[in-house]
Amino acid sequence: MGLLDKFLGFVNGDGTETPKGNSPAPTTFTLQENTSKPLEVEDVETFLTELYQYYANDIYRIESKMIDPEACTDVQVKLLKVVVRQKEEALKKIKALLSEVIKEKSVLTELERKSSYTFYEQLKSDTMEKLRLKVFKIFAKMKSINVASELDEIILNKINKLRADWKISPDIDIPDVADVRIIDVTDEMEAYSFGDMKKEFKVSGKEIKLSDEISDKIDLLEISIDFDSLPDYLWIQTSIIERWQIDLLQRTAVFPNTYESTVSGISYDVISKIELENYIKGFLRILFSRGRYLLFSIILPNADIKNATSNFISVSKRKVTVNNIAAFMLYERNQIPDENYLVKYLDRFSIPDKLVFKQVSELRSEFLPQYIDY
């Protein structure tokens, strides 16, 4: 059992603890599962409401523990602050899903007004089929939103029952990549999971809390990249750029992974294309709290690239490590084909609505000095 599992058990206990102080205790409830009765749209609304309350109660209990100096060490408080931040982000998303379901469900009120017509049953059947499909797609997002591991199986079971009860086509996919989750913390590092990948980040003394505006921009960010043309797996690296390094972008997109606790130098993560969006948004949330300027670099590896770099990189299942930085930078500058090398530079204070990756030659040209003839 890891530190996070131990400590969340310590915080939550049996769920019956009375918080200290004069604040009223949050509403108690139990997530109900009736596996025999077919589910209706109202059941989805109720379940999302319960999930919202579950998260709100967890946050309340954790924050009550954090203000008790006898209950938590400094390391535990540090961990719980990250847990609360993640649960608050998930809480906002659950509320948005609930609002979507309520909005879609409003068609039932209009439908009831047509109950006197002889063809009402056909109208109802057609309306319910469309409504259930929309609600299913909305609720399926909970799988990627959820950061409470104890709810993973409960949510997946609910999704599967909805699919069976409502006869939803198996071609309708559900998210299979979990949102970024904190899994451990020490005085020196914070460890997060990105799906089945674990990443360790150095503790930063200048870390800031992202504003709601920036968090919302990250949540709504559209990733503009041709997923169909991507290989099944790609190499991706993220760098925090200091202000003085921005001019270097006219020559290179290779910068060290200064934020990782297990890396000294340059390395790329190997991820599948279906992980890309959650991976990028997860890194934005974590690294924008540590630096203002970020650079994403994506290499689409083919046989030629792997052969050409084999003498100065090593590849494992989820990691590409650059063993000779000078040789790699020379290859990056002169030999990587543009169509296999995509980059994006971002400023925390000007996050776009759509994140458009560019070929590296385009990035370099944007940062070349502009000469004006008078």
Side-chain angles (χ1 to χ4, degrees), residues 82 85-86 89-90 93 141-147 149 152 173-184 189-202 210 214-241 253-263 266-291 293-301 315-322 340-346 348 351-358:
V82 180
R85 187 169 70 235
Q86 289 194 333
E89 288 290 331
K93 296 175 185 177
K141 296 175 186 177
M142 263 308 310
K143 189 167 184 292
S144 63
I145 288 174
N146 179 50
V147 294
S149 58
D152 282 342
D173 293 328
I174 60 173
D176 57 357
V177 180
D179 209 345
V180 179
R181 299 179 180 181
I182 182 75
I183 56 176
D184 202 356
M189 70 85 188
E190 296 172 359
Y192 295 83
S193 64
F194 293 72
D196 63 355
M197 178 189 297
K198 177 182 176 181
K199 297 285 292 183
E200 293 185 2
F201 296 80
K202 295 176 184 175
L210 298 182
I214 292 176
S215 294
D216 291 343
K217 275 186 167 290
I218 293 172
D219 288 340
L220 298 173
L221 185 64
E222 180 182 348
I223 310 296
S224 179
I225 189 168
D226 186 356
F227 284 88
D228 292 335
S229 67
L230 292 179
D232 289 337
Y233 286 87
L234 47 89
W235 302 349
I236 182 168
Q237 192 255 2
T238 317
S239 302
I240 297 176
I241 306 294
V254 176
F255 295 87
N257 308 45
T258 55
Y259 52 83
E260 287 198 61
S261 63
T262 57
V263 174
I266 297 169
S267 70
Y268 287 74
D269 290 323
V270 180
I271 67 170
S272 68
K273 61 184 179 183
I274 63 172
E275 296 175 300
L276 184 60
E277 183 169 339
N278 273 15
Y279 179 97
I280 288 173
K281 291 184 178 181
F283 264 73
L284 289 175
R285 292 187 189 100
I286 294 170
L287 295 187
F288 266 151
S289 69
R290 299 160 183 258
Y293 309 104
L294 300 183
L295 181 71
F296 285 96
S297 302
I298 297 177
I299 295 177
L300 312 181
V315 182
S316 65
K317 182 179 178 182
R318 301 305 302 257
K319 179 73 71 177
V320 175
T321 303
V322 177
N340 287 77
Y341 196 11
L342 305 174
V343 290
K344 181 59 184 178
Y345 164 80
L346 285 165
R348 181 173 64 211
I351 300 174
D353 295 330
K354 179 183 291 187
L355 194 155
V356 181
F357 278 84
K358 301 180 179 181

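One is the number of the first residue; the rest follow in order along the sequence.
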Problem set entry | NZ/NE/NH1/NH2 to OD/OE distance under 4.0 Å, K198 and D184 | no
Exercise. Distance from I298 atom CD1 to L234 atom CG, nearest 0.5 Å?
Worked result: 5.5 Å
Seminar exercise, completed: Heavy-atom closest pair (S272 atom, Y233 atom, distance to 0.1 Å) is N-CD2, 3.6 Å
Exercise. Are the side chain of N340 and the backbone N or O of I299 linked by a donor-acceptor pair below 3.5 Å?
Worked result: no
Problem set entry | Atom pair OG1 (T258) and CZ (R290), whose distance is rounded to the nearest 0.5 Å | 10.0 Å
Problem set entry | Sidechain-backbone polar pair: R318 side chain, V270 backbone, donor-acceptor under 3.5 Å | yes
Problem set entry | Ring-ring centroid check F296 Y279, cutoff 6.0 Å | no
Exercise. Quick one: do the Q237 and N257 side chains pair a donor with an acceptor below 3.5 Å?
Worked result: yes
Exercise. Does D219 offer a backbone N or O that forms a donor-acceptor pair with the side chain of K281 under 3.5 Å?
Worked result: yes
Exercise. Can you tell me how far the OG atom of S215 sits from the CG atom of L210, to the nearest 0.5 Å?
Worked result: 5.0 Å
Exercise. After noting the C-alpha distance and the side-chain angles of D216 and K93, does the key distance pass the salt bridge (charged side-chain N to carboxylate O under 4.0 Å, His left out) rule?
Worked result: CA-CA 10 Å; D216 291 343; K93 296 175 185 177; over 6 Å; no
For this session: Just do the ring pair (Phe, Tyr, Trp, His ring centres under 6.0 Å) check on F288 and F283 with the steps written out, would you?
Result: CA-CA 8 Å; F288 266 151; F283 264 73; over 10 Å; no
For this session: Of all the heavy-atom pairs spanning I240 and G291, show the shortest one and how long it is.
Result: CG2-CA, 4.0 Å
Exercise. Is E260 salt-bridged to K319, going by a charged N under 4.0 Å from an acidic O?
Worked result: yes
